[in-house]
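Here the structure comes first, spelled out in C-alpha cells, and everything after it is commentary.
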There are 2 protein chains.
Amino acid sequence: MTARNGRAPSVKEVAAAAGVSLGTVSNVLNRPSVVSTSTRERVERAMAELGFVRNESARQLRAGTSRALAYVMLDGGNPFFHDVAAGIESAAEDADLSVFVCNSGGGIEREAKHLDRLLQQRVQGILLTPVDPGAPHLAEAARRGTPIVLVDRAGDTRDQCSVAVDDVLGGRIAVEHLLERGHQRVAFVGGPESVGQVRDRLRGAREVWAELGRPTDDLLHLPTGALTVAEGRAAGERLAGLPARRRPGAAFCANDLLALGLLQHAVGAGVHVPGELAIVGYDDIDFAAAAAVPLTSVRQPRQELGRTAARLALDEATNPQHRHEQAMFAPALVARASTGLTRS
Amino acid sequence: MTARNGRAPSVKEVAAAAGVSLGTVSNVLNRPSVVSTSTRERVERAMAELGFVRNESARQLRAGTSRALAYVMLDGGNPFFHDVAAGIESAAEDADLSVFVCNSGGGIEREAKHLDRLLQQRVQGILLTPVDPGAPHLAEAARRGTPIVLVDRAGDTRDQCSVAVDDVLGGRIAVEHLLERGHQRVAFVGGPESVGQVRDRLRGAREVWAELGRPTDDLLHLPTGALTVAEGRAAGERLAGLPARRRPGAAFCANDLLALGLLQHAVGAGVHVPGELAIVGYDDIDFAAAAAVPLTSVRQPRQELGRTAARLALDEATNPQHRHEQAMFAPALVARASTGLTRS
DNA sequence: CCTTTCGCTTGAAACGTCACATCGGATGGT
DNA sequence: ACCATCCGATGTGACGTTTCAAGCGAAAGG
C-alpha cells in the first residue's frame with residue numbers, strides 16, 4: 001500500500017523489497033510450488049505492498065505471442081454482430097484471452113486499418129466479417145502468419161477457416177413458411193446484391209419458388225440500398241404504392257432491421273400485420289421478438305457462430321496439425337405473430 | 001514476398017536483408033527524414049519483401065505504455081452502451097489508439113476480472129460504467145496509476161474523472177412533457193433502485209410532481225427487477241391489472257428497453273398508444289425511433305459521452321497538469337408518436 | 001594538405017519477464 | 001567425517017524495439 005512513484009513496480013523492485021532475487025519472484029508468479037512457503041509469503045506481501053501488476057507487454061514479447069483475439073465486425077449498428085461478439089468473448093474468457101472488438105462499418109479502408117493494427121498487436125487470431133472476401137489486404141494479412149477466420153461468410157477457397165450459416169437454406173425456409181401460410185405473392189426485401197448474404201437468401205427464395213412451379217412474377221424483388229430500419233420503412237412505402245392486384249401479401253426481409261422498418265411503416269399506415277401483410281425477418285435479433293408485432297424470423301446461431309470462430313482461430317494459432325475448417329450451421333425458422341394469420 | 005519461416009521477421013532481419021544496421025531500420029520507421037533516400041528505399045524494399053510488421057509488444061515495453069484504451073460496459077444487451085462505445089472508438093481512432101471493449105454484464109466479479117486484465121495490459125486508460133461506484137476494486141485499480149473515467153455515473157468524489165448526463169433533469173423533463181400533454185396520473189416504470197440512474201430519474205420525476213403540488217399517489221412507481229424488454233412487458237401486465245380508476249394514462253420508463261416491452265404489451269393487448277397509454281422512454285436508442293409507435297424518449301448524447309470520456313482519460317494519462325473533471329451533459333426530450341395524443 | 005563541419009550510419013543499452021542452468025547448503029546414509 | 005542427494009534460490013540471456021552518444025567518411029574551408 002505504498003504511494004506511486006510514477007512508474008509501475010517491476011519484479012526487480014518486488015525482489016528487492018522482499019530481499020530475494022528476481023528469479024524467485026518470477027517463480028512465485030509462474031511455478032509457486034517450487035518456492036518455499038515462507039519466501040513465497042514474503043514475496044506475496046511485497047507484491048501487495050507495492051501494488052505490483054504483471055506487465056503484459058513484457059510477457060508477450062518474451063512469449064512471442066499475445067493473449068488476445070480480435071473481432072472486426074461489419075456493422076456496429078446491427079445487434080446481430082454484437083451477439084456474435086458476445087459468443088467470441090465467452091470463448092475467449094474460457095481461454096483467458098482478451099478481445100479487441102473493432103467495427104469496419106462496411107468501409108474497406110477502415111477494415112484494412114484495423115487489420116494492420118491487429119497484426120502489429122500480434123493477436124492470436126483475427127475473426128472477421130469481411131466487407132469484400134476477395135479484398136487483397138485479406139490475403140496479405142493471412143500471409144503474415146496470423147490466423148484469419150471468416151465469420152458469417154463461407155470461404156470461397158479451402159485455404160482458410162470460416163464459420164457461416166447456410167443462407168440459401170435460410171431463404172428457402174422463410175419462403176416455405178410463407179407458402180404454407182397460404183401466401184400467393186411474396187416480396188423479397190433486401191439489397192444491395194453486392195452483399196453475399198443478401199444474394200444467397202434471395203437465391204434460396206427463388207429456388208423454392210421455381211421448384212414449386214410458381215409464376216416468377218409472383219416473387220417480387222424490392223431492392224434496398226442498405227440493411228437498415230430506414231430502408232425497410234422506405235420499402236414499405238414502395239410496397240404500399242403498388243396497385244392492389246399486384247401487391248404481395250407477404251414480405252421476406254433480408255434482415256431484421258429491414259423487417260422492423262417495414263413493420264413500422266405498416267403499423268403507421270394502418271396496414272394490419274399479419275392480416276394484410278405478413279413479415280419474415282432474418283437473424284432473429286432480440287428486438288425481433290420484442291417488436292410490437294413479434295416478428296417471425298430466421299434464427300442464426302449467433303453466439304455459437306462466434307464461439308466456433310474463436311475456437312477455430314485458436315486451434316489454428318496453437319495446433320501445428322491444424323486443418324482449415326469451413327463450419328456451416330443451419331438456420332431455423334422462429335414463427336411469431338407477424339406471420340400468425342393468413343390473409344383474410 | 002518471401003515465404004514464412006514460422007516466426008515474424010524482426011528489424012534485425014530486415015537490417016540484414018537490406019545490408020544496414022538495425023538502428024537504421026528503426027530510423028526509417030520513426031524518423032525517415034534523417035535517412036538518405038537511397039538507403040531508405042532499400043530498407044523499405046526489404047521490409048516489403050519480408051513482410052515486416054512492427055511488434056507492438058516490444059514497442060510498448062520500450063515505451064512503458066500501451067497504445068490502447070479500454071471500455072468496460074455495464075450491459076452488452078443494451079444498444080445504448082454500444083453507442084457510447086462507438087463514441088469512444090471514434091476518439092481513439094483520432095488518437096491512433098486501439099480499444100478493448102469489455103462487458104461486465106452487471107457482474108461485479110466479471111468487472112474486477114476485466115479491470116485486472118486491463119491493468120496488466122497497461123492500457124492508457126479505463127472507461128467504465130461501474131456496477132457499483134463504491135466497489136473497493138475500483139479504488140484499488142486507480143491506485144495502480146491507470147486513469148479511470150466513470151461513464152454515465154457522476155463521481156461521488158472529486159478525485160476522479162467522470163462523464164454523465166443529468167438524470168434528475170432527465171426525469172424532470174420526461175414528466176413535464178407528460179404533464180403538458182394533460183396527463184393526471186403517471187407511472188414510473190423502473191428498477192432496481194440499486195441502479196443510480198434509476199434512482200435519479202425517479203427523483204427528478206418526483207421533484208416535478210411535488211413542486212406542482214400534485215397528489216403523491218398519482219405518481220405511481222412500478223418497480224422492475226431489471227432494465228429489459230421482458231421486464232417492460234411484465235410491467236405492462238401489472239399496469240393492465242390495475243383497476244381502471246387508478247390506472248395511469250401515461251408511463252415514464254427508466255430506459256427504452258422497458259418502454260419497448262411496455263409498448264409491445266400494449267399493442268398486443270389492444271391498448272392504444274398514445275390514446276389510452278402514453279409512453280416515454282429513456283436513452284433514445286435507435287430502436288426507439290424505429291418502434292411500431294415511434295417512442296418519445298429522453299435523449300442522452302451517447303457518442304459525445306464516449307468521446308468526452310476518452311478525451312479525459314487520455315488527458316489524465318498524458319498531461320502532467322491534468323485536473324480531474326466531472327463532465328455533465330444535459331438530456332433532451334425527443335417527442336414522437338408514443339406521446340402524440342392526449343387521452344381522449 | 002590538414003582540420004572542421006556536416007550528414008548519415010552504427011552499436012550498445014534498456015524496457016520487464018521468463019526459462020534454464022547453476023549454485024549453495026542442509027540432510028541423511030555410510 | 002565424508003559424500004551423495006535434494007530442495008530451494010540465484011543469475012544470466014533473450015525476446016524486438018527505440019534512443020542516443022559516438023563513429024565515419026566526404027566535402028568544405030583555411
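Basis for what follows: all heavy atoms, side chains included, without hydrogens, waters or symmetry-related copies. Here is how names work: the chains are called A, B, and so on, in the same order as the sequence lines, proteins then strands, and each is numbered from 1.
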d([atom1], [X]; [atom2], [N]) in whole Å:
X	N	atom1	atom2	answer
A/Lys12	C/dT17	NZ	P	10 Å
A/Asn30	C/dG16	CG	C1'	12 Å
A/Arg31	C/dT17	CZ	P	16 Å
B/Gln121	C/dT17	CD	C1'	15 Å
A/Glu13	C/dA14	CD	P	15 Å
B/Leu50	D/dG16	CG	P	14 Å

Sub-3.5 Å pairs of nitrogen or oxygen atoms, protein against nucleotides 7-10 of chain D:
{"from": "D/dA9", "atom 1": "OP1", "to": "A/Ser36", "atom 2": "OG", "distance (Å)": "2.9"}
{"from": "D/dA9", "atom 1": "OP1", "to": "A/Thr39", "atom 2": "OG1", "distance (Å)": "2.4"}
{"from": "D/dA9", "atom 1": "OP2", "to": "A/Ser36", "atom 2": "N", "distance (Å)": "3.1"}
{"from": "D/dT10", "atom 1": "OP2", "to": "A/Ser21", "atom 2": "N", "distance (Å)": "2.8"}
{"from": "D/dT10", "atom 1": "OP2", "to": "A/Ser21", "atom 2": "OG", "distance (Å)": "3.3"}
{"from": "D/dT10", "atom 1": "OP2", "to": "A/Thr24", "atom 2": "OG1", "distance (Å)": "2.7"}

Within residues 52-62 of chain B, which residues have any heavy atom lying less than 4.0 Å from an atom of DNA chain C?
B/Leu61, B/Arg62
Which pairs pass salt bridge (charged side-chain N to carboxylate O under 4.0 Å, His left out) with one or both residues in [range], sequence neighbours excluded?
range	value
residues 121-134 of chain B	none
residues 57-80 of chain B	B/Glu56-B/Arg59
residues 312-322 of chain A	none
residues 98-110 of chain A	A/Arg110-B/Glu93

Which residues pass the ring-ring contact (aromatic ring centres under 6.0 Å, His included) test with A/Phe100, sequence neighbours left out?
B/Phe100
Looking for any heavy atom pair under 4.0 Å, which part of the strands does B/Ser26 touch: base, sugar-phosphate only, or nothing?
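Counting heavy atoms under 4.0 Å across all strands, the contact made by B/Ser26 includes a base.
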Using the salt bridge (charged side-chain N to carboxylate O under 4.0 Å, His left out) criterion, which residues pair with A/Asp159? Sequence neighbours excluded.
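In terms of salt bridge (charged side-chain N to carboxylate O under 4.0 Å, His left out), with neighbours along the sequence ignored, A/Asp159 is linked to no residue.
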Taking only residues at least two apart or on different chains, which pairs with a member in residues 79-90 of chain A satisfy side-chain hydrogen bond (donor to acceptor under 3.5 Å, both in side chains)?
A/His82-B/His82, A/Asp83-A/Arg302, A/Ser90-A/Arg307
Can a salt bridge be assigned to the pair A/Glu49 and A/Arg45 using a cut-off of 4.0 Å between side-chain N and carboxylate O?
no
